[in-house]
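Quick notes on the structure that follows.
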Amino acid sequence: MKILKDGSKTQVSFTLNGTEVDGYAEPRTLLSDFLRHEIGASGTHVACEHGVCGACTVVVDGKAVRSCLMLAAQAEGKEIRTIEGLAASDDSFNKLQDAFHKRFALQCGFCTPGILMTLSSLQDSGRRYTEPEIREALSGNICRCTGYREIVDAALDVLGDRVVA
Amino acid sequence: MVGAAAHADEDKYVGRRMLRVEDQTLLRGRGKFMDDLPVAKGTLHAAFLRSPHPHARIVSIDVSEALKQKGVKAVVTGEDIRPYTKPLIVGFENPMDYRGIALNKVRYVGEPVAVVCATDRYRAEDALKYIRVEYEPLAAIVDPVAACADDAPVLHDEVGSNRVSRRVFTHGEPEAAFAASDRQTEITIRYPRNSITPMETYGIVAEYQPDTGGYDVTSNFQGPFSVHAVMAIALKVPGAKLRHRSPPNSGGSFGAKLTMFPYIVVLSVCARLAGRPVKWIEDRLEHLSSSSVAPNRVTRIRAAYDADGTINALRMEHFDDHGAYLRAPMPAPIYRMHGLSTNCYRIPNVEVINNICMTNKCPTGAVRGFGGPQLYFAIERVIAQVAKDLGRDPLDLMRQNLIQADQFPYRAPAGALIDSGNYQQVVADTVDQGGLEELKARRDAARAEGRLYGIGYAMAVEPSQSNMGYISTLKTKEEREKAGPKDGAVASCTISVDPLGSVSVVGDSTPQGQGHQTTLAQIVADELGVPFEMVTVNLETDTQKDNWSIAAGNYSCRFSPASTSAAKTAAERVRRKMALIASRFMNVPPEDLLFKDGWIAAQSNPENRMEFRRVGGLAHWSPSSLPEGMDPGIREVAYWNAPELTPTTAKDEINTSLAYGFAFDFCGVEVDRDTGELRIDRYVTAHDCGTILNPGLAEGQIRGSFASALGASLYEEFVYKSDGTFLSGTFADYLIATAHEAIDPVMVDTVATPSPFTRLGAKGIAEGNQYTTPVCLANAVADAIGRQDITVPLTPAKVFEWVNGEEEPAPQAAAEDEAEDLIDYSGDALRGQGSTFVPASAEQVWQTLMDPAEMAAIIPGCKSLDKQADDHFTGVVSMGVGPVKGTFEADIRLENLKKPRSADITGSLIGALGTSRGRGRVTLVEGEGGVTVSYEYSIHLSGTVASVGGRLLSGAARALVNQFFRALVRRAAPEAKSEGGGLMRRLRARLGGKK
């Protein structure tokens with residue numbers, strides 16, 4: 001294991017939305033700060049920095065992770081997905097983005113990247129979810145604008161076990 | 001579903017469920033929020049040192065060590081800010097000197113004391129611990145009624161009292177009405193401190209420009225821009241030299257991003273002193289402890305009524321708690337609601353007494369609902385109690401006293417000119433669609449089984465677009481005459497048509513997610529007959545370049561009545577101008593022209609037409625073709641105001657807002673006797689907000705408001721102990737409903753009565769549930785458990801006590817010494833007791849305890865310990881609990897030394913993370929093979945440790961005590977080691993303090 005020196009910066013590289021990226025981080029640099037301020041991927045938002053609100057959620061090696069509770073150095077060599085990687089190569093929305101748009105499932109949009117990444121990690125499983133399961137899965141993401149109904153509906157449109165009207 | 005959608009005109013965008021244009025940006029992660037904007041190279045990052053004390057005098061601040069830290073370029077204190085500023089003024093004259101940072105005193109936990117400006121945020125935060133502040137703690141006061149007592153500690157010596165304003169208002173003849181009424185009912189309500197805590201916190205980049213002497217600031221400030229004047233005056237610059245810009249996106253506000261302006265002033269001066277731009281992004285602890293909260297309030301309310309249920313008068317005295325400082329436009333919430341002091345009822349007489357109180361808590365600001373939740377909690381609770389006292393059905397009594405549909409516009413006794421409505425119809429639709437009769441049957445069935453089930457009702461007039469003059473109601477008639485009239489609420493909009501004929505709209509509404517870009521595009525596309533996609537709306541603001549006035553911003557449901565009216569007015573002007581140009585080419589009078597589908601056509605002969613873009617282009621490419629005297633180009637600015645927003649009258653009547661919607665809710669709630677938990681069986685909500693501009697957006701506002709109001713009703717409260725210690729510094733302490741807890745209300749399809757006073761007939765819709773939901777649920781709980789005194793949040797612990805009787809309060813530790821009066825050891829104070837067996841003599845143990853070198857080895861985290869006297873030790877201790885780690889200076893004193901039997905210990909730990917004070921007693925009892933050491937302790941915490949670590953600390957304290965005694969055994973009885981696991985087992989059995 002590489003021992004990192006306090007205060008000095010070392011190179012960190014990982015795959016971000018399918019592309020190799022690298023930058024320099026102190027040992028204590030949070031992954032959220034590294035993504036936003038070193039790589040420039042500012043779509044991931046920081047709202048509590050203590051792991052409760054879920055706004056900074058990204059997908060690391062297929063799992064939803066709070067990037068404010070992970071160090072940049074821990075991301076070395078990992079495969080990371082963020083909001084910037086959701087749209088198709090022709091810039092059209094993916095199914096989740098499209099459902100959020102059609103359902104009015106966002107207002108200020110600050111929590112939305114974290115919510116979309118939490119749901120993206122469910123999407124990978126390929127299975128369908130009940131409403132209580134979706135609500136449970138989203139219980140680590142705080143939204144102050146919507147009251148969640150529209151978010152849950154949008155999620156169910158894509159991941160739900162009900163027939164879409 | 002919001003019903004009016006069904007009646008939308010198919011030819012129009014307004015009224016249609018248009019999908020949001022904002023989503024294209026936000027769903028791709030391409031939003032530009034405050035922390036996403038690029039900053040100039042060399043920009044410094046600020047971190048604030050904040051007060052750990054609720055009330056203390058600042059004896060000294062030493063920043064020299066902090067300045068030596070790597071990357072630190074400036075450390076700024078209140079005294080450094082003073083020469084460059086004047087005090088931040090409020091709506092009435094008072095001698096309070098507030099500049100956004102502590103000057104000689106701190107008055108709440110979290111108050112800024114110093115600012116470190118460093119090359120990155122991590123380094124700025126690192127340097128905070130090197131600032132040494134010596135405080136002299138003072139007694140604190142947190143209750144607004146107690147704060148008004150003669151012997152209460154006074155926050156602002158220059159004011160001389162914590163009651164900074166008291167006004168008595170008499171509308172109608174309340175005294176006579178009380179004397180003439182058959183009956184009276186009085187209750188007292190307490191509304192707590194809460195906020196809706198936006199996901200994005202405050203963010204500011206400030207720069208000083210020595211070349212112009214001005215400041216350039218970008219921030220997510222939400223307005224009202226009347227506060228721009230307050231900042232410019234404080235910074236001693238002309239308005240134009242304080243340039244303020246807003247980023248394209250703002251991550252929610254709900255009122256919170258109003259009172260960030262003191263930080264703008266402080267950081268502007270920091271930038272000036274540091275000689276570089278300074279950036280600050282507030283963190284969550286800072287937001288929860290020191291940004292903005294709704295004023296908590298105590299109200300004594302009394303109703304006078306006849307035996308037939310006619311309510312003749314209300315009398316209410318409010319104690320409105322604004323925390324440590326007043327910041328403009330405070331105390332606005334209480335005055336914003338003044339005109340509506342009788343809510344939706346025909347009550348002709350009302351007396352209102354407003355006490356504005358200062359306490360040692362975070363200063364207040366705007367929170368969605370702005371004064372309404374507090375007022376309506378009192379009115380709707382007293383009405384429910386009147387019904388109970390009369391043995392009447394509450395809804396029946398409410399209906400009896402409602403303003404009638406033919407009475408609009410209705411002038412309420414305190415001055416509100418309620419524009420339109422049909423309250424009876426809304427109630428009838430809600431009762432019908434919400435299934436009230438079925439809910440009553442469910443209640444009866446539940447009660448028959450012995451379950452606790454109640455039904456609650458609440459109604460509210462929902463004001464929108466504030467009269468900028470209402471705060472003057474705080475002043476006396478004479479003071480108002482001296483100051484000159486204040487009234488109105490100016491909204492503005494600029495619409496341009498460019499050389500290729502596309503349309504841009506610039507508005508003054510600084511939205512935080514409400515979909516204003518979408519709505520304005522709908523309105524302007526309708527007016528100009530162009531496709532929705534041809535209209536681009538930019539709502540970034542720049543006070544040096546854009547149209548704005550004092551009412552600009554996003555608050556008090558201003559957008560739907562005001563910003564839309566300005567946009568419609570500006571669009572009409574563009575259309576009029578383009579019609580004049582087209583009429584010249586088409587040889588038809590301008591009145592004959594129809595704007596539709598991107599064409600301007602003669603109604604008399606549709607074949608005679610010109611493309612919209614061509615007419616727009618002509619104004620740029622060929623000024624000579626324009627009618628004589630017409631200015632070239634197309635750029636129309638509309639400033640719109642409503643004449644109904646008149647100043648406060650000589651009798652203190654004020655039409656506080658322009659448009660008034662109506663909300664009515666009822667709910668069925670079951671209380672679990674064994675856990676105190678509430679189960680909301682059904683919640684029904686109805687809203688009449690006039691013309692619906694976009695049902696998708698309107699429903700989002702209702703659901704969003706309901707969710708935050710549900711939070712305020714069940715979970716959310718900023719908790720302070722009686723000594724001013726703040727306990728709600730994380731989202732694990734200040735609880736917010738997630739998708740898991742959120743419930744969906746039944747939304748009623750009811751009437752939409754347009755406002756006659758707004759251009760599109762629209763009224764605000766975003767605040768209704770803030771007013772109705774807390775009191776609706778409180779009324780249901782009151783009905784379920786038969787209790788009058790109900791406070792929110794309705795936490796299970798509280799409700800359990802109401803149902804099962806209050807627990808005996810834990811015995812207070814004896815307060816012997818005078819300094820202890822400052823400290824509240826109750827509630828979350830750490831307390832413990834226990835004993836351990838040490839296989840050594842009492843003499844050996846005593847020696848160990850009295851030897852600083854031994855103690856340094858025993859105390860967990862102790863770096864050094866020096867003996868100052870036989871009974872006084874000082875040293876340095878490093879400790880961490882969960883996320884909170886820090887170094888503290890320890891000061892330990894021993895008292896009542898009874899060698900080798902017992903000693904009392906008092907001590908304090910002081911560090912950047914807070915101060916803790918504790919006391920305890922150690923007793924040694926010799927027995928077979930050793931001595932039993934018994935201990936008890938109480939520890940009081942303040943500052944960051946208390947705010948964020950409270951939940952973890954009882955466990956942590958037990959762990960530390962265990963570590964301490966294990967170490968004591970090792971040191972006092974080293975030979976006992978040989979007993980190995982046996983001893984550890986024995987110790988474990990004996991250890992473990994109990995709270």
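Throughout, protein chains are lettered first and strands after them, A, B, ... in sequence-line order, and every chain is numbered starting at 1. What you see is a predicted model; the values in this text were computed from it and never measured. Only this structure's heavy atoms are used, side chains among them; waters, hydrogens and symmetry mates stay out.
- For B:Arg30, the CZ atom is loosely surrounded, since the number of other residues' heavy atoms within 6.0 Å does not exceed 12.
- Within the model, atoms CG of B:Leu697 and CD of B:Gln514 stand 9.5 Å from one another, a figure rounded to the nearest 0.5 Å.
- Contact annotation for B:Asn769: neither backbone nor side-chain heavy atoms come within less than 4.5 Å of a heavy atom of chain A.
- The contact between A:Leu30 and chain B is made by backbone and side chain atoms together, counting heavy-atom distances below 4.5 Å.
- Using a 4.5 Å cut-off between heavy atoms, B:Gln701 contacts chain A through both its backbone and its side chain.
- Residue B:Asn249 does not touch chain A at all, counting heavy-atom pairs closer than 4.5 Å.
- Counting heavy-atom pairs closer than 4.5 Å to chain B, the top residue among A:Gly147, A:Cys108, A:Gly43, A:Gly140 is A:Cys108.
- By number of non-hydrogen pairs under 4.5 angstrom with chain A, the leading residue of B:Ala707, B:Ser253, B:Ala742, B:Gly696 is B:Gly696.
- At a 4.5 Å heavy-atom cutoff, the contact between A:Asp33 and chain B is made by side-chain atoms alone.
- For B:Gln770 (side chain) and B:Gly369 (main-chain N/O), no donor-acceptor pair under 3.5 Å exists by modelled atom type.
- Between the B:Lys257 side chain and the B:Gly252 main chain, a donor and an acceptor come within less than 3.5 Å of each other.
- In this structure, A:Arg127 forms a cation-pi arrangement with A:Tyr129, its terminal cationic atom sitting closer than 6.0 Å to the ring centre and no more than 45° off the ring axis.
- Here A:Glu26 does not pair with B:Arg123 in a salt bridge; the nearest charged N to carboxylate O distance is not below 4.0 Å.
- Contacts between B:Thr25 and chain A at a heavy-atom distance below 4.5 Å are absent for every atom of the residue.
- When each of A:Glu150, A:Arg144, A:His50 is checked for heavy-atom pairs under 4.5 Å with chain B, A:Arg144 comes out on top.
- Interface remark: A:Glu49 contributes side-chain atoms only to the contact with chain B (heavy atom separation under 4.5 Å).
- Here B:Leu27 is the residue among B:Ile736, B:Leu26, B:Leu27 with the most heavy-atom pairs under 4.5 Å with chain A.
- With a 4.5 Å cut-off on non-hydrogen atoms, B:Ile743 does not touch chain A at all.
- A salt bridge does not link B:Asp126 to B:Arg121: none of the charged side-chain nitrogens sits closer than 4.0 Å to a carboxylate oxygen.
- Both the backbone and the side chain of A:Phe110 have a heavy atom closer than 4.5 Å to some heavy atom of chain B.
- Neither the backbone nor the side chain of B:Glu22 comes within contact range of chain A; no heavy atom of the residue lies under 4.5 Å from a heavy atom of that chain.
- Atom CD of B:Gln24 has more than 12 heavy atoms from other residues, nucleotides or ligands within 6.0 Å.
- Of the atoms belonging to A:Arg36, it is side-chain heavy atoms, and not backbone ones, that fall under 4.5 Å from chain B.
- Both the backbone and the side chain of B:Phe731 come within contact range of chain A, with heavy atoms under 4.5 Å apart.
- Using a 4.0 Å cut-off between a side-chain N of Lys or Arg and a carboxylate O of Asp or Glu, A:Glu131 and A:Arg149 qualify as a salt bridge.
- Residue A:Thr146 touches chain B through its backbone alone, counting heavy-atom pairs closer than 4.5 Å.
- Judged purely by distance below 3.5 Å, without hydrogens or angles, the side chains of B:Tyr122 and A:Thr29 never pair a donor atom with an acceptor atom.
- Between chain B and the residues A:Pro113, A:Cys48, A:Ala137, the largest count of heavy-atom pairs under 4.5 Å involves A:Cys48.
- In this structure, chain B has heavy atoms under 4.5 Å from both the backbone and the side chain of A:His101.
- Both the backbone and the side chain of B:Asp35 come within contact range of chain A, judged by heavy atoms closer than 4.5 Å.
- Here the straight-line distance linking atom CZ of B:Arg284 with atom CE of B:Met199 works out to 6.0 Å at 0.5 Å rounding.
- With a 4.5 Å cut-off on non-hydrogen atoms, A:Leu116 touches chain B through its side chain but not through its backbone.
- Proximity of a side-chain donor or acceptor of B:Glu286 to a complementary backbone N or O of B:Asp283 within less than 3.5 Å is detected.
- At a threshold of 4.0 Å, the pair A:Asp157-A:Arg128 does not count as salt-bridged, since none of the basic side-chain nitrogens sits closer than that to a carboxylate oxygen.
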